[in-house]
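These numbers come from a predicted model, not from an experiment. Naming: A, B, ... by sequence-line order, numbering from 1 per chain.
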Number of protein chains: 2
Amino acid sequence: MARVTPQRTPLGSGTPTLDEVARVAGVSRATASRAINGGQRVSARAQSAVDLAVRELGYVPNPAARSLVTRRTDSIAVVVPEPDDRVFSDPFFAGTLRGVNRVLAERDIQLVLLLARPGASTARTLRYLTNRHVDGALVTSHHRDDRLAEHLADIGLPCVFGGRPWTGGDRVAYVDTDNTGGEREATELLIARGCARIGTIAGPTDMTAAEDRLAGWRQAMAAAGLSADAVEHGDFTERSGEAAARALMERHPDLDGLVVASDLMAVGALRVLAEMGRRIPDDIAVVGYDDLGVAERTAPPLTTVRQPVDEMAERATRLLLERVDGVDGSHPVRLIIPPTLVRRVSA
Amino acid sequence: MARVTPQRTPLGSGTPTLDEVARVAGVSRATASRAINGGQRVSARAQSAVDLAVRELGYVPNPAARSLVTRRTDSIAVVVPEPDDRVFSDPFFAGTLRGVNRVLAERDIQLVLLLARPGASTARTLRYLTNRHVDGALVTSHHRDDRLAEHLADIGLPCVFGGRPWTGGDRVAYVDTDNTGGEREATELLIARGCARIGTIAGPTDMTAAEDRLAGWRQAMAAAGLSADAVEHGDFTERSGEAAARALMERHPDLDGLVVASDLMAVGALRVLAEMGRRIPDDIAVVGYDDLGVAERTAPPLTTVRQPVDEMAERATRLLLERVDGVDGSHPVRLIIPPTLVRRVSA
DNA sequence: CCCATTTGTGGAAGCGCTCCCAAGCACTTG
DNA sequence: CAAGTGCTTGGGAGCGCTTCCACAAATGGG
């Protein structure tokens, strides 16, 4: 890590320091510091003198100096081990970021976005976290191979996972939704409406949420005594949903029900089904997963399983902040938020 | 800003410091520091001793301490004065983040995402930047009212804007694309193919990109002697495109050409036109703007103006890093990247 | 009215790091 | 052989801040 141009500015000239505030306010640096940080054990007189000086000088504390001694950075990382377009275009990500941001805004904590390309830069990400550049980490969209959970547990950085990690789930806290139950319920809906040949478009095999949903589909199918052989995998994108639907319908033209592990993939599937002239839901009923905006705008509107992403993100963030504050040692809490089936037209 | 639980860990126990590295390597702290930071003026012997000690101890430098003296944080902020879903679901944002990240990855600089709700938290954002928590700022998607450009120029933080700011454009650097020229060209295409009644769905009136595109449309219309009265505004979302198209077609049912200021809005417009039974491009030709993935998947594929978002973001980031490195004082550079017309089916 | 408490204050000691500077050293060179 | 040259090296100062600690001043109870 070659550093560049030190450019050691004198600074005595520009930015005011705590010393100057103290001098202007006519108190010691210690008192000024106390007054600025919550004002415990500070007389009203001193407090207002400091306040005035701060305003007058336009003083802002130097975060590096502060965090050097407090050992806090007042920022947390959101780790996304997947910087492809996929992440950004997925409303799941948007919702997560929104939820996180809402909580952080309350407390004046900043968000550092760590986009780690799988493989190469995982090391970099890990180094950054090990450095304690941030007070904690929120990991989202992790895959089987990045052993992030274990690594983070090893370095002892407060962290919370969005979604159950593959391994190390017993060592880190995570917030998840009942993917299995949700998809089971979705499948049961199709069964209840009389579908007999139900296929599924599952998500990537290296993500727990996808595998859990697939398991839910399997459970419902087994319970109804239906054969669970019509499975195709996508990667949660619309395009992959198209491809999967095409493959599925080719192998199983008799399908009258389709359980899709994400709304985006369902959009692709709907398009393919429309092309093939299948009427929905009469010829084939379709149910998606997510309900993050797209489901209500498809043709026809998509019956789907809603996961409360905002809430999950919010809960995860609060959990993380608690651990950062040291409220709870490092007990690996897990929080499961229930999904809800949302009925529209497609099933 | 009340701080929480100081939890002053002794640290002498846990994380190794430079002192310990120096002791283990049998050199002074100064030499150890030099060895770690690029190894200028360090003998091979000392260098390898330090390297060994670092590895052995698992030493990672404390970023706060380092940045306290170097006055650098090795991180930059991406400021998004608009944390709505809009930002996230817009491929423009995704492309920007991708471009930025690509450049930062080369240099081990981190990305702090500053989502500022318009109004309230702008102050917070500004404070964060004033604090010099980051070495520089990249501002994207700014609106007329956040006087971010002036503020940033005032506090003297290195910054680059993505898109020309409303005011203060003479005080800050920015990277933009020729929105006016791009939309003019798009309009000329419609005129060339024989359209005589051309309407436009413009973007929000408080964004320069949107206004520039509208100006381009006007220029082309004026040059062709056509009346430029069929204008409707959206906010770059699909939904607003729908509404605008509906309104436009109601007021001007005779339209045979439509210039839309974003592909997302064009998607909405296409849907409305299809509902109305208009054939595209025969009854009405449509041209979009962006070409960031959606245009090639519409029905029919959308003729559009491509803005090279990735490149713009990359250039902007490089420009920012130059200013952070102090290569260029604060000369308000501006960089204009040309758009290109991409012909598909819709026009 | 004195002593025990509470409350407010400032001095000073660092937090871990970088970097200036002067000194040390092994060589050249005149 | 003395003086100059270039490269390494470590001492030490200091970045701006928080917080421990000791002390002074105010308060209150017996």
Nearest whole Å is fine: how far is D/dT18 P from A/Asp19 CG?
12 Å
For A/Ser28, check side-chain hydrogen bond (donor to acceptor under 3.5 Å, both in side chains) against everything at least two apart and list the hits.
A/Thr31
Using whole Å, what does the distance between atom P of nucleotide D/dT19 and atom CZ of A/Arg71 come to?
12 Å
Taking side chain to side chain contact (heavy atoms under 4.5 Å, CB included) as the definition, give me every residue that meets it alongside B/Arg334, ordered by chain and number, with sequence neighbours left out.
B/Tyr174
What pairs with B/Asp51 under salt bridge (Lys or Arg N to Asp or Glu O under 4.0 Å), at least two apart in sequence or on another chain?
none
What's the CZ-C1' distance between A/Arg23 and C/dT9, to the nearest Å?
18 Å
May I ask you to evaluate whether B/Asn37 reaches the phosphate of C/dT18, defined as a side-chain N or O under 4.0 Å from OP1 or OP2?
yes
Return the set of residues passing salt bridge (Lys or Arg N to Asp or Glu O under 4.0 Å) with A/Arg315 (not counting sequence neighbours), or none when no residue passes.
A/Glu311
Interatomic distance, B/Leu18 CG vs C/dT18 C1' [rounded to whole Å]:
9 Å
Ignoring hydrogens and geometry beyond distance, is a side-chain donor-acceptor pair present between A/Asn62 and B/Arg132 at under 3.5 Å?
no
Between protein and nucleotides 9-11 of chain D, what N or O pairs are separated by less than 3.5 Å?
from: D/dT9; atom 1: OP1; to: B/Ser43; atom 2: OG; distance (Å): 2.7
from: D/dT9; atom 1: OP2; to: B/Ser43; atom 2: N; distance (Å): 3.0
from: D/dT9; atom 1: OP2; to: B/Ser43; atom 2: OG; distance (Å): 3.4
from: D/dG10; atom 1: OP2; to: B/Ser28; atom 2: N; distance (Å): 2.9
from: D/dG10; atom 1: OP2; to: B/Ser28; atom 2: OG; distance (Å): 3.2
from: D/dG10; atom 1: OP2; to: B/Thr31; atom 2: OG1; distance (Å): 2.7
from: D/dG10; atom 1: N7; to: B/Arg34; atom 2: NH2; distance (Å): 3.1
from: D/dG10; atom 1: O6; to: B/Arg34; atom 2: NH1; distance (Å): 3.2

Rounding to a whole Å, what distance do you find between A/Glu20:CD and D/dC15:P?
11 Å
Distance in angstrom units between B/Asn62 CG and C/dG14 P, rounded
17 Å
Calculate the interatomic distance between B/Arg72 atom CZ and C/dC17 atom P; express it in whole Å.
18 Å
For B/Leu68 and D/dC17, give me the distance from atom CG to atom P, rounded to whole Å.
9 Å
For B/Asp135, what residues pass the side-chain hydrogen bond (donor to acceptor under 3.5 Å, both in side chains) criterion, not counting sequence neighbours?
B/Thr73
